[in-house]
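In what follows, a single structure is set out as structure tokens and then discussed.
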Protein chains: 2
Amino acid sequence: MEAELTLIKQWHGLLSSYNEVASHLERELQELHGLSLSDFETLDRLRSREHDKCRMQHLASDMYLSQSALSRTVARLEKSGFVERSLCQDDRRGVYVELTDAGRERHAEASATHLAVLAEHLK
Amino acid sequence: MEAELTLIKQWHGLLSSYNEVASHLERELQELHGLSLSDFETLDRLRSREHDKCRMQHLASDMYLSQSALSRTVARLEKSGFVERSLCQDDRRGVYVELTDAGRERHAEASATHLAVLAEHLK
DNA sequence: GCCGAGGTTATATGCGTGTGCATCTAATGT
DNA sequence: ACATTAGATGCACACGCATATAACCTCGGC
């Protein structure tokens with residue numbers, strides 16, 4: 001009974017912290033850079049890869065997005081010119097996703113906002 | 001620089017904990033009880049009020065949902081027979097939301113699942 | 001004191017968009 | 001041939017933003 005109450009309290013704390021940060025992130029990234037949080041995180045994951053490039057499935061593996069949502073996110077980013085998709089020659093089902101220069105640039109700008117929001121709202 | 005790295009790490013931790021719990025909650029509440037997480041949280045908030053009843057605005061104030069999303073959530077819950085809406089006689093713009101017996105019952109069932117998921121996935 | 005115009009508040013709704021699930025297609029592997 | 005895997009896509013739905021609607025509130029002029 002005690003443990004259950006603690007659990008609930010802990011969850012409410014988590015919910016509250018998460019929503020506080022996520023809602024501000026979402027809003028400011030959209031407003032200042034035209035990126036959704038998923039867009040930003042996708043760019044961010046790519047940026048941390050060697051050569052800013054990797055396969056969809058690897059990208060998916062450490063993101064909290066369904067495979068279909070990731071597929072569409074990458075499609076959006078490609079349409080905006082921030083990433084490029086290319087076929088794997090060794091497994092022709094596969095798709096490589098790679099940051100473009102514009103993508104790196106946008107990510108750098110948005111990163112500043114991202115950090116500022118964290119600094120302000122993550123307690 | 002140090003501080004920034006810490007901030008990012010902290011945020012990733014938060015993201016990861018939140019998504020781990022929220023995705024399981026969402027799935028299991030839906031599967032076992034036909035409730036979305038927002039549905040459940042709305043019932044839960046109502047349950048913690050005197051007489052399981054309160055005005056939309058008060059309900060909104062401690063939930064992480066936009067006013068419009070809450071309005072639709074309550075509409076869904078009413079359609080399912082878990083809450084009832086009624087006009088305030090003293091402020092006729094206002095709407096009271098009140099749990100029905102079916103709502104209390106469904107909440108009680110779902111609560112068990114909720115707790116179980118927290119116990120399993122909240123570390 | 002009473003009245004009506006103009007602002008404000010509570011809730012609902014139109015709209016565009018992002019999501020997950022199920023499914024489709026095409027390439028691989030066995 | 002048959003099952004499996006990578007990624008894309010149809011679909012239904014929940015969300016937030018902007019706006020609509022209706023009730024309430026305030027205040028200056030009478």
Side-chain angles (χ1 to χ4, degrees), chain A residues 15 18-32 34-43 46 53-61 63-80 83-98, chain B residues 15 18-20 22-32 34-43 46 53-80 83-98:
Chain A
L15 255 182
Y18 172 81
N19 280 297
E20 167 77 6
V21 178
S23 66
H24 284 92
L25 270 182
E26 194 81 57
R27 214 180 346 264
E28 304 221 357
L29 287 174
Q30 188 56 249
E31 193 158 314
L32 302 177
L35 297 173
S36 72
L37 184 48
S38 294
D39 290 342
F40 176 80
E41 301 216 323
T42 303
L43 295 181
L46 276 171
K53 174 175 181 174
C54 84
R55 280 187 61 168
M56 292 287 286
Q57 48 182 346
H58 294 138
L59 203 47
S61 71
M63 289 199 53
Y64 305 105
L65 267 189
S66 67
Q67 180 268 320
S68 70
L70 177 63
S71 174
R72 285 181 230 262
T73 298
V74 169
R76 275 197 306 280
L77 290 172
E78 183 174 47
K79 199 160 151 196
S80 306
V83 306
E84 269 171 8
R85 280 188 279 199
S86 56
L87 296 175
C88 302
Q89 61 286 40
D90 46 317
D91 177 354
R92 281 169 15 216
R93 294 167 303 179
V95 169
Y96 276 117
V97 190
E98 184 170 14
Chain B
L15 254 182
Y18 172 82
N19 280 298
E20 167 76 7
S23 66
H24 283 92
L25 271 182
E26 195 80 57
R27 213 179 347 265
E28 304 221 357
L29 287 174
Q30 188 57 250
E31 194 158 314
L32 302 177
L35 296 174
S36 73
L37 185 47
S38 295
D39 290 342
F40 176 79
E41 302 215 322
T42 303
L43 295 181
L46 275 172
K53 174 175 181 174
C54 84
R55 281 187 60 169
M56 293 286 287
Q57 48 180 347
H58 295 137
L59 204 47
S61 71
D62 64 1
M63 289 199 54
Y64 306 102
L65 268 188
S66 67
Q67 179 269 318
S68 70
L70 177 62
S71 174
R72 285 182 229 260
T73 298
V74 169
R76 275 197 305 282
L77 290 172
E78 183 174 46
K79 200 161 151 197
S80 305
V83 305
E84 269 170 10
R85 280 188 279 201
S86 56
L87 296 176
C88 302
Q89 60 286 39
D90 46 318
D91 177 353
R92 279 165 21 212
R93 295 167 302 180
V95 169
Y96 276 117
V97 191
E98 186 171 10

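Here is the naming used below: chain letters follow the sequence lines, and residue numbers restart at 1 for every chain.
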Euclidean distance, atom OH of residue A/Y96 to atom P of D/dG7 [Å, nearest integer]:
10 Å
Would you say the side chain of A/Q67 and the base of D/dA6 hold a donor-acceptor pair, judged only by whether the two atoms sit under 3.5 Å apart?
no
Between CG of A/D91 and P of D/dG7 the distance, given in whole Å, is 8 Å
Nearest non-hydrogen partners of B/R55 and B/C88, listed with the distance:
CD-SG, 3.6 Å
Positive for side-chain contact (heavy atoms from CB on, under 4.5 Å) with B/T73, one of B/T42, B/L59, B/L43, B/V83
B/T42
Phosphate OP1/OP2 of C/dT19 contacted by A/T73 side-chain N/O (<4.0 Å)
yes
More 5' along DNA chain C: A/L70 or B/R55, using each one's nearest nucleotide?
B/R55
Whole angstroms only, please: what is the CG-C1' distance between A/L87 and C/dT28?
15 Å
Nearest-Å distance for atom pair CZ/P, residues A/R92 and C/dA27:
6 Å
Return the minimal non-hydrogen interatomic distance between A/S36 and A/Q30, and the atom names on each side.
N-NE2, 3.8 Å
Taking for each residue the nucleotide of DNA chain D with the nearest heavy atom, is it A/M56 or B/Y64 whose nucleotide lies nearer the 5' end?
A/M56
One should read off an interatomic distance between B/S23 OG and B/E28 CD, to the nearest 0.5 angstrom, of 9.5 Å
So does B/R93 reach the base of C/dT9 with its side chain, donor to acceptor, closer than 3.5 Å?
yes
Rounded to whole angstrom units, what separation is found between the CG atom of A/L77 and the P atom of C/dG18?
10 Å
Atom-pair distance (CG on B/L37; P on D/dC13), nearest Å
18 Å
Spacing between A/Q30 atom CD and D/dC15 atom P, to the nearest angstrom
19 Å
Can A/L87 and A/R92 be said to form a side-chain contact (heavy atoms from CB on, under 4.5 Å), step by step?
CA-CA 6 Å; A/L87 296 175; A/R92 281 169 15 216; 5.7 Å; no
Suppose we call a contact any N or O donor and acceptor under 3.5 Å apart; does that hold for the side chain of B/S68 and the base of D/dC17?
yes
D/dG16 base to B/R72 side chain: any donor-acceptor pair below 3.5 Å?
yes
Do any side-chain nitrogens or oxygens of B/S71 fall under 4.0 Å of OP1 or OP2 in C/dT13?
no
In whole angstrom, give the distance that lies between atom CG of A/L35 and atom P of C/dT17.
16 Å
Closest to the B/R85 side chain, choosing from C/dG20, C/dA12, C/dT11
C/dA12
